[in-house]
Amino acid sequence: MIIGATKESDLEIMNKSSNMYDNYKLKRVFYSAYIPVNKDTILPDLITPPLVREHRLYQADWLLRYYNFKVEDLLNENNPNFNILVDPKTDWALRHINEFPKEINNCSYNELLKIPGIGVKSARRIMASRRQFTIKLEDLKRMGVILKRAKYFILCNGSYFTRAEYFKKNFIEANIILGDKEKTHINKEQLRLF
C-alpha cells in the first residue's frame, strides 16, 4: 500500500490490512510512504512525516499478526491515526494505564505481550524462567526485554522500578518520549570547535 498519497486514515488502512489477513489469508502487507519527488500544487500535501507514519503502520501490523491485538484495540473513530511520538503498543498501554502495572512473575503470556518493551521471544523466556526462579528487574534485560519502556508498566516481586507515586500517565509518557532524565542533553553546553 502506498501511504499518504490519498486521505485514508490509519484506521482505514489497518482495517483493510486486517481484512486481507482474515479473509484472504494474506501472509504480509507492505506499506510504502508516499514521498513526492517534486513540488506541485496538484500533488497531495504531507500531513504526517511519511516515513514515521510508514514505521507506525508496520509496528501496528506486527501487533495484529503476532501480539493478539485487533484494529479496534489500537484505533477508533475518535482516534483514527497513530501517535507519531510513541509506538502503537506504548500508545495503547498509555490509553489503558488502569490495566498496569503488571506483576511480571504471575501475569499470563497474553498479558506479557501487551506490555511495551516485551516481545514474543522475551515473553516466552519469561514464562519459561518463572518455572525456575522468581524474576527480578535485572533478569529481564538478559531475557531481551527493552527495559526503557517495560519498566514503566511492570512490577517485579511487587516492586515498581521507582517510587509508586510516579506511576502516572503524564510522567510515563514524558519519560518515554523525551528519554530518561540521565540520557537527555538538557542543560549541557553546546560543543565548540575552538
Holding to ring pair (Phe, Tyr, Trp, His ring centres under 6.0 Å), I want the full list of residues that pass it with [X], two or more places apart in sequence or in another chain.
X      : value
Tyr166 : Phe171
His55  : none
Tyr21  : none
Tyr34  : none

**Message:** Under the side chain to side chain donor-acceptor pair (under 3.5 Å) definition, can you give me all pairs with a residue in residues 68-77, not counting sequence neighbours?
**Reply:** Asn68-Asn110
side-chain contact (heavy atoms from CB on, under 4.5 Å) partners for [X], two or more places apart:
X      : value
Glu111 : Lys102, Cys107, Ser108
Asn106 : Glu103
Lys141 : Leu147
Ala93  : Phe100, Pro116, Phe153

**Item:** Candidate pair Arg95 and Asn79, rule side-chain contact (heavy atoms from CB on, under 4.5 Å), full reasoning
**Value:** CA-CA 11 Å; Arg95 287 186 285 115; Asn79 186 26; 3.6 Å; yes
**Ile146-Val86 co-clustered via ILVMFWY side chain contacts under 4.5 Å** = no
**Request:** Is it possible for you to say whether Leu85 and Ile97 belong to one hydrophobic cluster, with membership spreading through side-chain heavy-atom contacts below 4.5 Å?
**Result:** yes
**Tyr24, OH: over 12 other non-hydrogen atoms inside 6.0 angstrom** = no
**Item:** Side-chain ion pair, Arg56 and Asp91, N-O less than 4.0 Å
**Value:** no
**Prompt:** Which class fits the ring pair Tyr66 and Trp62: parallel under 30°, tilted 30 to 60°, perpendicular over 60°?
**Reply:** tilted
**Fill in**
For Leu51, the other hydrophobic cluster members (4.5 Å side-chain criterion, sorted by chain and number) are Ile35
**Prompt:** How close do Ser9 and Pro80 get, heavy atom to heavy atom, and via which atoms?
**Reply:** CB-O, 3.7 Å
**Qualifying salt bridge (charged side-chain N to carboxylate O under 4.0 Å, His left out) pairs, either residue in residues 12-38, two or more places apart** = Glu8-Lys16
**Asked** Sequence neighbours excluded, which residues qualify as side-chain hydrogen bond (donor to acceptor under 3.5 Å, both in side chains) partners of Ser129?
**Response** none
